[in-house]
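Every number for a ligand or one of its atoms is a count from 1 in the order of the listing. The structure displayed is predicted, hence computed values, not measured ones.
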Amino acid sequence: MPVELLYALLRNPASTGAVLPSSQRLANAMASAAVGADAVIELGAGTGPVTEALLRKLPGVPLIAVELQPTLVRRLRARFPAADVRQASAKQVVDGLMALPGQVVLVSSLPFRSLPKDVVTETVDSICRFLGHNDERKLVQFTYQPRAPFAAPRHLRWQRRAVVWRNTPPAGIWELQADR
Ligand SMILES: C[S@@+](CC[C@H](N)C(=O)[O-])C[C@H]1O[C@@H](n2cnc3c(N)ncnc32)[C@H](O)[C@@H]1O
């Protein structure tokens, strides 16, 4: 485990959620699901494996990487000067970018199953409002559970796109978008 993730986990276990960083296979599968996007907003960038895969697989596509914890933000900024790394909550950033044009993909490693309930509620509301604005938008989210990451309102629909077996533990990659 990278030492930064260990410290983050010790400081704030519920919001960090993971004991291991995302594997390269999981990071690549998440980034592949965003190919074709005009812009990407990564939520919960952590130690950066998904950020790295996004920059590699979507060269030239604007990437905003959002992370709450200052030590992880410093590391992300030093490692990925091409990304716009913001120290903020996912809700703050998503609310502020509601009017962004084009096909915007949210790529999230947020640990919805361990975050405090009020944070889950406000973040899910914000993401669902964002997706409801424009049919082209979608959320890509991984989960270790055998079901959808969170309950979505009727106008949106979850689809499981892949399972990454060679990750510890195996992870499902789900997409949420307007039910067309
Ligand atoms: C599962 S961990 C990191 C996953 C990342 N792919 C990795 O391998 O390092 C989830 C990250 O989400 C961040 N986080 C938790 N709640 C957040 C929120 N409301 N807004 C932004 N980031 C948040 C945590 O600080 C943590 O770094």
Notebook entry, point to check: Under 4.0 Å from any heavy atom of Leu72, which atoms of ligand 1 are there?
Noted result: 27 (O)
Notebook entry, point to check: Would you call Ala45 a ligand 1 contact, heavy-atom distance under 4.0 Å?
Noted result: yes
Margin query: For residues Leu110 and Leu97: do they belong to one hydrophobic cluster (side chain heavy atoms under 4.5 Å, members Ile, Leu, Val, Met, Phe, Trp, Tyr)?
Written below: yes
Item checked: Enumerated ligand 1 atoms positioned under 4.0 Å from heavy atoms of Ser109 -> 1 (C), 4 (C), 6 (N), 10 (C)
Check: Do Arg113 and Tyr144 meet the cation-pi criteria used here (NZ or CZ under 6.0 Å from the six-membered ring centre, within 45° of the axis)?
Finding: no
Checklist line | Distance-only N or O hit between ligand 1 and Ser89, under 3.5 Å | finding: no
Check: Between Lys91 and Glu122, is there a side-chain N and carboxylate O pair less than 4.0 Å apart?
Finding: no
Notebook entry, point to check: Does any N or O in the side chain of Arg157 come within less than 3.5 Å of the main-chain N or O of Leu176, such that one atom is a donor and the other an acceptor?
Noted result: no
Margin query: Membership question, hydrophobic clusters at under 4.5 Å side-chain separation (ILVMFWY): are Leu106 and Met98 in the same one?
Written below: yes
Notebook entry, point to check: Is any side-chain heavy atom of Val94 closer than 4.5 Å to a side-chain heavy atom of Leu43?
Noted result: yes
Note to self: Tell me the nearest of Met30, Glu67, Gln87, Glu52 to atom 11 (C) of ligand 1, using heavy-atom distances.
What the structure shows: Glu67
Next item on the list: Compare Gly44, Ser22, Gly46 and give the one whose heavy atom is closest to atom 12 (O) of ligand 1.
Entry: Gly44
Next item on the list: Using non-hydrogen atoms of the residue, decide whether Leu43 is closer than 4.0 angstrom to ligand 1.
Entry: no
Next item on the list: Please examine the side chains of Arg137 and Phe130, heavy atoms only from C-beta on, and report whether any two atoms are closer than 4.5 Å.
Entry: yes
Next item on the list: Could you say whether the N/O atoms of Ala90 and ligand 1 ever approach to under 3.5 Å?
Entry: yes
Note to self: Applying a heavy-atom cut-off of 4.0 Å, say which part of Pro49 lies close to ligand 1: side chain, backbone, both or neither.
What the structure shows: side chain
